[in-house]
Amino acid sequence: MNIYDFTVKNNAGEDVDLSTYEGKVLLIVNTATQCGLTPQYDQLEELYKDYKERGLVVMDFPCNQFLAQAPGSDEEIQSFCLLNYSTTFPRFQKLAVNGEEAHPLFAYLKAEVTETEDEHAEAFKEKIKNVAPFTGETDIKWNFTKFLIDRSGHVVGRFSPTYTPETLKSQIEKLIQ
C-alpha cells in the first residue's frame with residue numbers, strides 16, 4: 001500500500017485519485033485559516049513555486065478539529081487563501097485527520113511514520129496542552145502537521161506543526177533529484 005491507493009475530494013467536491021500524482025514528491029499538510037500558524041501558507045507557497053517544476057506538489061487539507069480554526073465552507077477557505085496568501089497549490093475538501101471520522105488517507109499517513117520535532121515543539125506542546133483535543137500517540141496534535149511523500153508514494157517524514165516549511169528544503173531537495 002502507498003499514497004496512490006487513496007482517493008480524496010478537491011475543494012470543489014470532485015474525486016481526485018492520488019495516483020494522479022504518481023512520480024511527484026508530495027508535501028501533505030493539514031491546515032487552518034484562523035490558527036497562529038496560518039502564516040506558514042506563505043512558506044508553503046514559496047516552496048511550491050520554487051520546486052513545482054522539479055516535481056513537488058504541496059497539498060492543502062483544511063481541518064477544523066483544532067479549536068474550530070478552519071471555519072467556513074471549502075469555497076470560503078479557498079477565497080481566504082487566495083486573498084491573503086495568494087496560494088496556487090492544490091487545496092482539498094475540509095476533512096477530519098483524527099478520531100473515528102478521520103479520513104482514511106490521514107489514518108494511513110499517521111500509521112506510517114512518527115513525528116519529527118524541531119527545537120520549538122516542546123514549547124508549542126506546552127502552549128496547547130490544555131486545549132489540544134487529541135493526545136493519542138499517533139494523533140495529529142495540531143494544524144500544520146506536514147507529511148513528506150517520495151516519488152514512489154511512500155511516506156518518508158512527518159513533521160510537527162512548528163517545523164516550518166522552509167526548514168524542509170533539504171529533505172525536499174534530496175527527494176526531487
Side-chain angles (χ1 to χ4, degrees), residues 1-35 37-38 40-41 44 47-48 55-74 77-78 81 87 89-118 121 124-125 128-129 131-165 168 171-172 175:
M1 177 173 257
N2 67 31
I3 200 84
Y4 307 134
D5 295 321
F6 294 92
T7 299
V8 294
K9 291 196 180 293
N10 66 17
N11 63 342
E14 303 162 333
D15 283 341
V16 176
D17 187 336
L18 291 185
S19 65
T20 303
Y21 296 102
E22 194 163 348
K24 303 283 188 184
V25 173
L26 308 177
L27 182 61
I28 296 175
V29 187
N30 68 294
T31 62
T33 55
Q34 294 184 7
C35 174
L37 300 172
T38 300
Q40 286 189 19
Y41 270 124
L44 290 169
L47 276 180
Y48 184 58
L56 175 71
V57 179
V58 174
M59 304 176 83
D60 179 357
F61 288 88
C63 176
N64 201 36
Q65 289 187 293
F66 304 96
L67 293 183
Q69 293 180 338
S73 67
D74 290 314
I77 291 169
Q78 175 73 359
C81 291
T87 58
F89 47 81
R91 185 160 295 104
F92 296 86
Q93 198 169 62
K94 189 175 1 178
L95 50 65
V97 298
N98 288 321
E100 291 182 18
E101 306 284 316
H103 189 282
L105 170 63
F106 279 86
Y108 169 76
L109 292 170
K110 294 184 302 182
E112 288 297 295
V113 292
T114 58
E115 189 169 82
T116 301
E117 296 181 339
D118 65 2
F124 184 74
K125 283 193 280 187
I128 65 167
K129 75 178 181 181
V131 295
F134 301 98
T135 57
E137 187 176 325
T138 63
D139 284 340
I140 291 174
K141 304 301 187 260
W142 207 255
N143 306 306
F144 291 90
T145 296
K146 299 148 198 80
F147 292 89
L148 192 56
I149 316 300
D150 70 14
R151 291 185 186 272
S152 298
H154 298 104
V155 185
V156 296
R158 173 180 173 173
F159 303 92
S160 70
T162 56
Y163 221 99
T164 63
L168 297 174
Q171 289 94 331
I172 291 168
L175 295 174

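What you see is a predicted model, and the numbers here were worked out from it, not measured in a lab. By convention here, the first residue in the shown sequence is residue 1.
Inter-residue side-chain proximity for Ile172 and Leu148 is flagged as met; some heavy-atom pair is nearer than 4.5 Å. A heavy-atom distance below 4.5 Å is found between the side chains of Ile3 and Leu105. Contact of the Lys141 side chain with the Ser160 side chain is not registered, since no non-hydrogen atoms from C-beta on lie closer than 4.5 Å. With a 4.5 Å cut-off on side-chain heavy atoms, Val8 and Gln93 do not count as touching. Here the side chains of Leu109 and Ile149 are in contact, with some heavy-atom distance below 4.5 Å. A heavy-atom distance below 4.5 Å is not found between the side chains of Val97 and Phe61. Between Phe144 and Val29, the closest side-chain pair of non-hydrogen atoms falls below 4.5 Å. Inter-residue side-chain proximity for Leu44 and Thr87 is flagged as unmet; no heavy-atom pair is nearer than 4.5 Å.
Of all heavy-atom pairs spanning Val113 and Gly157, the tightest one is CG2-C, 3.9 Å. Trp142 and Ala132 get closest at one heavy-atom pair: CZ3-CA, 3.9 Å. Across all their heavy atoms, Tyr48 and Val57 have their closest contact at CE1-CA, 4.1 Å. Closest approach of Pro165 to Leu47, counting heavy atoms only: O-CD1, 3.3 Å. Across all non-hydrogen atoms, the minimal contact from Pro71 to Lys94 is C-NZ, 3.9 Å. The shortest heavy-atom contact between Gly153 and Asn2 is O-CB, 3.1 Å.
Note that the OG1 atom of Thr162 and the CZ atom of Phe124 stand 7.0 Å from one another [nearest 0.5 Å]. The line from NZ of Lys110 to OG1 of Thr145 is 10.0 Å long, rounded to the nearest 0.5 Å. Distance check: Asn98 CG to Phe106 CZ gives 9.5 Å after rounding to the nearest 0.5 Å. How far CZ of Phe92 is from CG of Leu18: 6.5 Å, rounded to the nearest 0.5 Å. In this structure, the separation between NE2 on His103 and CG on Asn30 is 13.5 Å, given to the nearest 0.5 Å. Note: Gln171 CD to Asp150 CG = 13.5 Å, rounded to the nearest 0.5 Å.
Sequence neighbours left out, the pairs with a member in residues 4-19 that pass salt bridge (charged side-chain N to carboxylate O under 4.0 Å, His left out) are Lys9-Asp15.
Listed by chain and residue number, Arg158 satisfy the salt bridge (charged side-chain N to carboxylate O under 4.0 Å, His left out) test with Glu115 (two or more places apart in sequence, or in another chain).
Taking the six-membered ring where tryptophan is involved, the planes of Phe6 and Tyr108 are tilted, since the angle between them lies from 30° to 60°.
Panel note: side chain Asp74, backbone Ile77; no donor-acceptor pair is recorded below 3.5 Å. Looking at Thr33, its side chain never comes within 3.5 Å of a backbone N or O of Thr38 through a donor-acceptor pair.
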Check the pair Glu112 / Phe147 against side-chain contact (heavy atoms from CB on, under 4.5 Å), numbers first and verdict last. CA-CA 10 Å; Glu112 288 297 295; Phe147 292 89; over 6 Å; no
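Side chains of Asn11 and Gln78: a donor-acceptor N/O pair is present below 3.5 angstrom, by distance only.
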